[in-house]
Amino acid sequence: MKKQLLAWLWPVLWMILIFTLSHQPAGVSGGISSEIVRQVFEAIVRFVPVEFETLHTLFRKSAHFFAYLVLALLFVRALLKNGIALGRAVLWAFALSALYAASDEFHQLFIPGRSGEIRDVLIDSAGAATGLLCYWLFAKVKWQHDKKAETSW
């Protein structure tokens, strides 16, 4: 029981991180990402013909994608540790991730300078779906490999 409950610690901590980052006013959030992107931009602009704003948008949207890819994987791990079958765990992990993405965008409606974007919910959900698809495929391949190893004895 304790291990099953503890499995939810990581997704909850990750959700707190997402909430904390989303709770920053636009100026703070934009300033942090602009500084990171500026350093990357200065390093690559000689080799890659890209505009700063394009790189900045790509960076911010990629952050959405990967944050929810990780969240979905943490959800599926917690669900599996609680005895949920793989297929059902993947579906629940996606639903929980998409629901949290929607609630996070709603939350941003109340933060100065921020807005809730359906596009961001779709990017977040795509990140979750990508992570879960990769996990599911990996699990299926591993299961097939383990099954073959059992029968080769």
Side-chain angles (χ1 to χ4, degrees), residues 1-37 39-40 53-153:
M1 175 73 169
K2 187 177 178 182
K3 283 185 179 183
Q4 292 169 326
L5 195 56
L6 206 54
W8 289 98
L9 176 65
W10 293 111
V12 168
L13 289 175
W14 195 254
M15 291 165 66
I16 290 169
L17 176 64
I18 290 171
F19 180 89
T20 302
L21 293 171
S22 293
H23 198 68
Q24 297 173 332
V28 174
S29 176
I32 292 169
S33 63
S34 290
E35 180 56 29
I36 295 168
V37 173
Q39 291 178 15
V40 172
E53 282 307 313
T54 302
L55 188 62
H56 191 247
T57 299
L58 181 63
F59 177 83
R60 289 182 71 87
K61 299 310 171 189
S62 295
H64 275 267
F65 184 90
F66 287 107
Y68 281 86
L69 183 148
V70 170
L71 181 61
L73 293 175
L74 293 172
F75 274 142
V76 81
R77 178 183 171 271
L79 289 160
L80 291 169
K81 291 225 179 243
N82 280 268
I84 307 296
L86 177 63
R88 195 173 296 247
V90 166
L91 292 174
W92 272 107
F94 178 76
L96 291 169
S97 298
L99 184 62
Y100 192 70
S103 72
D104 185 53
E105 290 303 313
F106 179 73
H107 158 244
Q108 288 183 40
L109 292 173
F110 304 98
I111 307 303
R114 303 290 292 262
S115 62
E117 304 282 335
I118 296 291
R119 175 186 62 198
D120 286 347
V121 175
L122 295 173
I123 292 168
D124 298 341
S125 298
T130 300
L132 292 167
L133 179 62
C134 290
Y135 184 88
W136 183 79
L137 290 171
F138 178 78
K140 289 294 181 181
V141 167
K142 184 179 180 323
W143 181 78
Q144 289 294 331
H145 179 267
D146 291 350
K147 190 138 179 102
K148 283 182 186 176
E150 282 178 13
T151 58
S152 67
W153 284 94

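Since we're looking at a predicted model, the values are computed, not measured. Start at 1 with the first residue, then count along the sequence.
Screening residues 72-93 for salt bridge (charged side-chain N to carboxylate O under 4.0 Å, His left out) gives no qualifying pairs among residues at least two apart or on separate chains. Each ring-ring contact (aromatic ring centres under 6.0 Å, His included) pair with one or both residues in residues 67-101, not counting sequence neighbours, would appear here, but there are none.
Considering only residues two or more places apart in sequence or on other chains, F19 meets the ring pair (Phe, Tyr, Trp, His ring centres under 6.0 Å) condition with H23, H107. The side chain to side chain contact (heavy atoms under 4.5 Å, CB included) check on L5 picks up nothing, with sequence neighbours excluded. Evaluation of the side chain to side chain contact (heavy atoms under 4.5 Å, CB included) rule for L58 yields S62 as partners, not counting sequence neighbours. A78 is linked by a side chain to side chain contact (heavy atoms under 4.5 Å, CB included) to A7, W8, P11, counting only residues two or more places apart in sequence or in another chain. Shown here are the ring pair (Phe, Tyr, Trp, His ring centres under 6.0 Å) partners of F138, two or more places apart in sequence or in another chain: there are none. V40 pairs by the side chain to side chain contact (heavy atoms under 4.5 Å, CB included) definition with I44, L55, not counting sequence neighbours. Residues satisfying the side chain to side chain donor-acceptor pair (under 3.5 Å) criterion with E53, sequence neighbours excluded, are absent altogether.
A distance of 10.5 Å separates CG of L79 from CG of L91, quoted to the nearest 0.5 Å. Atom CD1 of I18 and atom CG of L71 lie 5.0 Å apart (nearest 0.5 Å). In this structure, CG on L21 lies 12.0 Å from CD1 on I16, to the nearest 0.5 angstrom. Here Q108 contributes atom CD and Q24 contributes atom CD; the two are 10.0 Å apart, rounded to the nearest 0.5 Å. Atom CG of residue D104 and atom CG of residue L99 lie 11.5 Å apart, to the nearest 0.5 angstrom.
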Indicate every side-chain donor-acceptor pair of residues 117-136 with a distance under 3.5 Å to a residue at least two apart or in another chain.
residue : atom : partner : partner atom : Å
E117    : OE2  : S115    : OG           : 2.7
D120    : OD1  : K61     : NZ           : 2.7
D120    : OD2  : K61     : NZ           : 3.4
D124    : OD1  : H64     : ND1          : 2.8
S125    : OG   : V121    : O            : 2.8
T130    : OG1  : A126    : O            : 2.8

Quick one, L17 with L13, criterion side-chain contact (heavy atoms from CB on, under 4.5 Å). Give me CA distance, side-chain angles, the key distance, then yes/no. CA-CA 6 Å; L17 176 64; L13 289 175; over 6 Å; no
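Judged purely by atom type and a 3.5 angstrom limit, W14 uses its side chain to pair as donor or acceptor with the backbone of A67.
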